[in-house]
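The next block holds one structure in the form of structure tokens; read it before the comments.
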Amino acid sequence: PGRYDSRRPVQVQRLPGFSDSHAHAVIEGAQISSTPIFPGDFLVLGSDGLFDNLCDEDILCSVEQHCACRGPISPQQLRHAASALVDLAISRVRL
């Protein structure tokens, strides 16, 4: 089951009695924005499980810790950064 928190974005999930047309209306009302990115930037993709449990600074620090070097970032460094983010998010879950 999902949880609702007014400080976080609306989350869509299947609930008994929640019609497809209502789900489509919620999705169509989603906010869309764009952010320019540049060579060397990192784009962190994640679900609400990541972004509901970590603040931007937590994510930044974790990525910098695992990928702070000059030159190309290796796939292994990216895997370690991703695993560290997941572990940190899980450690912050409050039930």
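Sequence positions, counted from 1, serve as the residue numbers for this chain.
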Task: Inter-residue atom distance C61.SG - H66.NE2, 0.5 Å rounding - done: 12.0 Å

Open item on the list: Going by side-chain contact (heavy atoms from CB on, under 4.5 Å), R92 matches just one of D87, L54, L50, D52. Which one?
Closed with: L54

Open item on the list: Quick check against the 3.5 Å criterion: does S62 have a side-chain atom that pairs as donor or acceptor with the backbone of D58?
Closed with: no

Task: Transitive ILVMFWY side-chain link F42 to L85, under 4.5 Å - done: yes

Open item on the list: Rounded to the nearest 0.5 Å, what separates atom CZ in R79 from atom OG in S74?
Closed with: 7.5 Å

Open item on the list: Rounded at 0.5 Å granularity, tell me how far CD in Q65 sits from CD in Q77.
Closed with: 12.0 Å

Open item on the list: Quick check on D56: does its CG atom have over 12 non-hydrogen neighbours (other residues, nucleotides or ligands) under 6.0 Å away?
Closed with: no

- [ ] Could you state whether L78 and I59 fall into the same hydrophobic cluster, counting links through intermediate Ile, Leu, Val, Met, Phe, Trp or Tyr residues with side-chain heavy atoms under 4.5 angstrom apart?
- [x] yes

TODO: May I ask you to test the I90-N53 pair for a side-chain heavy-atom distance under 4.5 Å?
DONE: no

